[in-house]
J.: 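The structure that follows is given in the form of structure tokens.
Sequence positions, counted from 1, serve as the residue numbers for this chain.
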Amino acid sequence: EYLSMMGSDDWAEPGWLSTMMEAILAHPSASFAFSNLTLQFQKTGETRAARDESIPAQLLPSVEATRQVLEWTSHMFSWWIVGAIVRSEDYFAVSGIARYATVHNGDYPLSLGLLTRGDACYVDKRLANYRLWGCDEGKADGRRQAVIVEDMVRIHACIETDKPVRTLCAKAGWSLGRIKRRFIALTIFWIDLRPGKVQYSTDERERIVHGLDRLVSARLRFGILLAPIFAATQIVLRVIWTFRGWISRKLLRR
């Protein structure tokens with residue numbers, strides 16, 4: 001009746017299963033229950049909570065949960081799938097982790113699909129561990145970044161044709177246009193096209209530019225100009241962030 005998924009490099013804490021099952025059984029309207037996690041940084045050995053530990057255990061109505069999923073970087077839903085308990089009936093009704101055929105971002109469309117079936121239940125305990133790998137381990141390299149952009153293109157296209165999900169997104173205040181703008185913004189912040197930062201092959205760089213091109217959906221294709229435009233935007237945003245204190249003081253003086 002229930003299933004759970006965990007990567008081969010992740011693990012559960014003692015009491016995980018009994019605590020999670022108690023939560024989902026107490027909330028019949030929930031399609032899934034998910035908990036707080038401990039992030040394990042492979043390179044530095046650092047650990048920290050994945051979500052704000054002041055957030056209480058709660059039942060999230062499907063519309064509110066959808067709003068948080070669509071924010072993508074939300075502290076409530078990042079990495080939710082690790083150690084989550086999902087009702088099998090709902091999981092298979094929405095095609096499971098294979099939904100939309102994404103490569104690296106299967107939890108995003110899966111959670112949207114599940115939320116068309118019911119609510120989400122949050123457990124405010126660190127019941128599982130999620131390991132984070134870096135560029136040195138091949139988890140943030142050019143190939144992965146190219147796939148992430150392609151996943152966003154695929155997710156947007158599928159939401160457009162998936163009426164139950166599209167309707168739910170609209171109720172949560174996220175139109176297709178707004179979702180697209182969010183994906184473009186995330187690409188600007190996540191995909192680092194500056195020379196020397198990430199080693200891209202010609203194919204990887206072309207795939208990223210093509211993905212950005214499709215997200216922008218311009219009639220005139222930007223082609224090779226798109227990469228430096230986004231790189232320049234990244235540099236400006238990083239400078240603003242670095243000197244945000246100084247900029248704020250200058251503005252306040254005026």
Side-chain angles (χ1 to χ4, degrees), residues 5 7-10 37 39-44 46 48 50 69-75 77-82 97-112 130-160 174 176 178-218 221-242:
M5 289 164 282
S8 60
D9 56 346
D10 304 326
L37 308 169
L39 302 181
Q40 304 278 346
F41 292 85
Q42 177 69 13
K43 186 172 183 178
T44 64
E46 174 196 356
R48 63 176 174 84
V69 170
L70 290 166
E71 288 176 357
W72 190 287
T73 53
S74 166
H75 53 236
F77 269 86
S78 299
W79 314 291
W80 75 265
I81 201 169
V82 179
I97 199 68
R99 184 177 181 82
Y100 298 174
T102 54
V103 178
H104 288 314
N105 300 294
D107 54 335
Y108 187 91
L110 172 58
S111 58
L112 291 178
Y130 182 80
R131 193 182 301 278
L132 286 166
W133 304 80
C135 195
D136 294 342
E137 294 87 20
K139 289 287 188 162
D141 57 6
R143 184 197 66 81
R144 186 178 181 88
Q145 293 189 2
V147 171
I148 287 173
V149 176
E150 291 169 344
D151 275 357
M152 288 193 285
V153 172
R154 188 176 294 110
I155 289 169
H156 187 271
C158 289
I159 291 175
E160 190 171 12
W174 284 80
L176 281 169
R178 188 182 179 191
I179 293 171
K180 178 180 287 190
R181 290 191 296 273
R182 170 51 65 103
F183 284 172
I184 293 170
L186 288 170
T187 302
I188 291 172
F189 281 104
W190 285 357
I191 308 302
D192 199 336
L193 294 174
R194 290 177 297 170
K197 292 297 180 180
V198 178
Q199 297 301 316
Y200 296 98
S201 67
T202 301
D203 174 68
E204 290 162 354
R205 187 175 290 275
E206 288 178 352
R207 287 165 61 189
I208 291 171
V209 171
H210 179 65
L212 289 170
D213 198 11
R214 291 184 63 186
L215 283 173
V216 173
S217 295
R221 298 298 180 184
F222 289 111
I224 196 169
L225 293 176
L226 200 57
I229 288 171
F230 275 85
T233 305
Q234 282 185 313
I235 293 170
V236 171
L237 290 172
R238 290 171 193 269
V239 169
I240 292 173
W241 179 255
T242 301

J.: Please report the interatomic distance CD1(Ile179) to CG(Leu112), rounded to the nearest 0.5 Å.
T.: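 It comes to 7.5 Å.
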J.: Rounded to the nearest 0.5 Å, how far does OG of Ser111 lie from CG of Leu70?
T.: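 Those atoms lie 8.0 Å apart.
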J.: Quick one: are Asp107 and Val69 in side-chain contact, heavy atoms under 4.5 Å?
T.: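 A side-chain contact under 4.5 Å is absent here.
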J.: Look up atom OG1 in Thr102 and atom CD1 in Ile148, then write down how far apart they are to the nearest 0.5 Å.
T.: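 So the gap between those two atoms works out to 11.0 Å.
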J.: Does Arg131 have any salt bridge (Lys or Arg N to Asp or Glu O under 4.0 Å) partners at least two apart in sequence or in another chain, and if so, which?
T.: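 Arg131: no salt bridge (Lys or Arg N to Asp or Glu O under 4.0 Å) contacts found.
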J.: Please round to the nearest 0.5 Å and tell me the distance separating atom CG of Leu110 and atom CG of Asn105.
T.: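 These two atoms lie 12.0 Å from each other.
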J.: Would you call Leu212 and Ile184 a side-chain contact if the rule is heavy atoms closer than 4.5 Å?
T.: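 In short, these two side chains do not touch, never coming nearer than 4.5 Å.
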J.: Could you tell me if the side chain of Glu160 sits less than 4.5 Å from the side chain of Ile155, heavy atoms only?
T.: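 Result no, sub-4.5 Å side-chain heavy-atom pair not found.
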J.: Restricting to side chain to side chain contact (heavy atoms under 4.5 Å, CB included), what partner residues turn up for Thr44, sequence neighbours left out?
T.: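 For Thr44 the side chain to side chain contact (heavy atoms under 4.5 Å, CB included) partners, ignoring immediate neighbours, are Phe41, Glu46.
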J.: Kindly compute the distance separating CG (Asp10) from OH (Tyr130), expressed to the nearest 0.5 Å.
T.: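 Asp10 atom CG to Tyr130 atom OH measures 6.5 Å (nearest 0.5 Å).
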J.: If I compare all heavy atoms of Arg214 with all of Val153, which pair ends up nearest, and what's the gap?
T.: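 Smallest heavy-atom distance, with atoms named: CZ-CG1, 3.4 Å.
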J.: Would you indicate whether the side-chain heavy atoms of Gln145 and Glu204 approach each other to under 4.5 Å?
T.: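 No, their side chains stay 4.5 Å or more apart.
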J.: Ignoring hydrogens and geometry, is there a side-chain-to-backbone donor-acceptor pair from His156 to Leu176 under 3.5 Å?
T.: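 Answer holds: yes.
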J.: Taking only residues two or more places apart in sequence, or in another chain, which ones meet Tyr100 in a side chain to side chain donor-acceptor pair (under 3.5 Å)?
T.: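 Residues passing side chain to side chain donor-acceptor pair (under 3.5 Å) with Tyr100: Asp162.
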J.: Under the rule for side chain to side chain contact (heavy atoms under 4.5 Å, CB included), what residues qualify as partners of Arg178, not counting sequence neighbours?
T.: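 With neighbours one apart ignored, the set is Trp174, Ser175, Arg181.
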J.: Is there a side-chain contact between Val147 and Arg207, using heavy atoms and a 4.5 Å cut-off?
T.: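 Contact flag for Val147/Arg207 side chains = yes.
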J.: Got a sec, which residues hit salt bridge (Lys or Arg N to Asp or Glu O under 4.0 Å) with Asp151, two or more places apart in sequence or on another chain?
T.: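 For Asp151, the residues satisfying salt bridge (Lys or Arg N to Asp or Glu O under 4.0 Å) (neighbours in sequence not counted) are Arg154.
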J.: Nearest 0.5 angstrom please: Asp9 CG to Gln42 CD, how far?
T.: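 Spacing of CG (Asp9) from CD (Gln42) equals 8.0 Å.
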J.: Would you indicate whether the side-chain heavy atoms of Gln40 and Leu132 approach each other to under 4.5 Å?
T.: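 They are not in side-chain contact.
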J.: Please examine the side chains of Val209 and Glu206, heavy atoms only from C-beta on, and report whether any two atoms are closer than 4.5 Å.
T.: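 Sidechains of Val209 and Glu206: no contact.
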J.: Side-chain contact, heavy-atom cut-off 4.5 Å: Arg182 with Glu71?
T.: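 Of all side-chain heavy-atom pairs linking Glu71 with Arg182, at least one is under 4.5 Å.
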